[in-house]
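Quick notes on the structure that follows.
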Amino acid sequence: MTAFIAGVLLLIFLDTWGYSRGAKPKDMAVYYLLMGLVLTGAAVFSIFPELPSLTYMLLGWIK
Amino acid sequence: MKKINARQAYLLFVLASLSPSLRFTGKLCAAYGGSAGWVGILLSCGAFYGLARLLAVLCAGGGLYDRCRRIVGKPAGTAAGVVYMLWLLLLAAFTLRDFAGKLAVSFLPGPPAAFFMVTLLAVCFLILKGNREHFARMAAIGCWAAVLAVAAAVLLTLPEMKIEHLWPVTHYQAGPILRSIVPMLGVYAYLTFLLLSGGEAEKSEELKKYAPAATAAMGLINIAVFAATAGVFGPELTQQLPAPFYMAVKSIRIFKTVQRLESLFLIFWILADLALLVLLLHTVLALLRRTVRTERTEMYAAPVLAGVYGLALLIAGNIAETEEFARQIVIPVNIALGFGAPVLLGIVGRGRREMKN
């Protein structure tokens, strides 16, 4: 998960660097919102690494 | 986003649908329909043709998403778009996890599943940043090549095939036959997801024109895949194998000398997975563009792919879980969103006089 977060941060840096010129503020806001969601999700699952898989949770919930 | 024509859309759909067809549809049809699963596939072609015609009508004059917003109103239409977007994200994560899991466990043991995921996502990233039309052209050629490869594989498994695994079919099997239609409907739903990305809006007549050919192609491919798996291993064994079609290809021996053709076949399997992933992600980006009203979608490829990767790591712990996810969640939700929703939209549209045809 640490490698994943590091990868996403690197992607943010490179991608933002490429797109920040000429992009509208609204587009950048949506971009940061999406990246924020991804990073928040990654942070939650790195804090709680023992969480069961999504399939396990969904099937348990259905049953 | 660049537009693709109806012929390219159908070829992309046929190529992408090979991915679920080869991975789990055959085994699910064998599980539900037994030796008569192929009759269920044949009957499901009628449902596919009906869906293709309905979508052609719904796409006329503005595209599927715009028509949906006109029929149910802007707030409800936008909410439906968000629901589709979230489901397609989950479906893309499932496709990626299933692809990597089966590749790492069955075909290329050694590297971790995450390695295959990152590699496929890197290719997706380049495709999503590029021109959609170029990918559609590549997919059109890839579709023909993949269909030829599947046909060759099925012909080469003929010596191993046993007719008693597929015949006789009696009226006592009516219930299993009807049940075996269900997994096929889950695959046909990908046509709705493809058309949601827009671009085929002005080509409603062409969508109608190519519908019979697409129906015949889907029927023939899926029956051939079913015959090559259940016909070789029998329906009982087919439903227990993790990748029955791959195992059937593995059993091919030409003149008892040429064997191990599965490595060649794997290329088309990966190509089909790539096409399906790109199809789903293109639609996610198209829906995102409509929802946030922006013209630049390529800049959202990185966060969307990062999200898909995170979800793929989270979605299942092993192959058994991905199979359960396919059986109990993917197929029912696909049928609801890919089949039920367009039919409902058609009925409401006709009631509100929004449908001309």
Side-chain angles (χ1 to χ4, degrees), chain A, chain B residues 85-87 89-91 93-94 97-98 101 112-115 117-118 121-122 125 128-129 284-285 287-330 332-333:
Chain A
M1 196 52 82
T2 313
F4 173 60
I5 294 174
V8 172
L9 285 172
L10 184 68
L11 210 59
I12 289 177
F13 171 72
L14 292 175
D15 220 40
T16 313
W17 184 51
Y19 282 117
S20 54
R21 283 187 182 182
K24 288 177 188 169
K26 193 180 100 179
D27 294 346
M28 290 310 288
V30 175
Y31 174 83
Y32 284 125
L33 179 73
L34 290 173
M35 277 297 191
L37 279 173
V38 172
L39 277 179
T40 310
V44 167
F45 290 105
S46 57
I47 293 167
F48 305 105
E50 297 303 312
L51 272 176
S53 69
L54 202 62
T55 306
Y56 187 83
M57 286 194 276
L58 281 173
L59 292 181
W61 179 66
I62 290 168
K63 283 170 187 169
Chain B
M85 198 162 60
L86 294 175
W87 172 244
L89 269 178
L90 202 61
L91 206 53
F94 161 74
R97 184 69 187 85
D98 200 27
F115 169 75
M117 285 192 211
V118 171
L121 283 180
F125 184 70
L128 290 175
K129 294 261 181 183
V284 168
L285 289 176
L287 289 172
L288 190 67
R289 177 170 62 93
R290 301 285 183 86
T291 310
V292 300
R293 290 180 200 158
T294 175
E295 286 304 313
R296 300 185 65 174
T297 44
E298 69 280 3
M299 66 187 293
Y300 302 128
V304 166
L305 286 175
V308 167
Y309 180 63
L311 273 175
L313 289 175
L314 177 71
I315 207 161
N318 49 47
I319 288 185
E321 280 191 1
T322 53
E323 285 183 2
E324 274 307 297
F325 191 81
R327 191 190 291 252
Q328 298 201 35
I329 297 171
V330 170
V333 180

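Convention: sequence-line order gives letters A, B, ...; per-chain numbering from 1. Scope of the values below: all heavy atoms of this structure, side chains included, with no hydrogens, waters or symmetry mates.
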Toward chain A, the part of L305(B) with a non-hydrogen atom under 4.5 Å: neither
Exam field: side chain K26(A) to backbone V292(B), donor-acceptor pair closer than 3.5 Å: yes
Taking every non-hydrogen atom, the tightest pair across A316(B) and S53(A): CA-CB, 3.8 Å
CG on L59(A) to CZ on R327(B), rounded to 0.5 Å: 11.5 Å
Portion of L314(B) that has a non-hydrogen atom of chain A nearer than 4.5 angstrom: both
Flag side-chain contact, heavy atom, 4.5 Å: F94(B) against T55(A): no
Heavy-atom pair of closest approach, residues V38(A) and P303(B): CG2-O, 3.5 Å
Note, T294(B) side chain near V30(A) side chain (heavy atom, < 4.5 Å): no
Nearest heavy atoms of Y31(A) and Y300(B), plus distance in Å: N-CE2, 3.6 Å
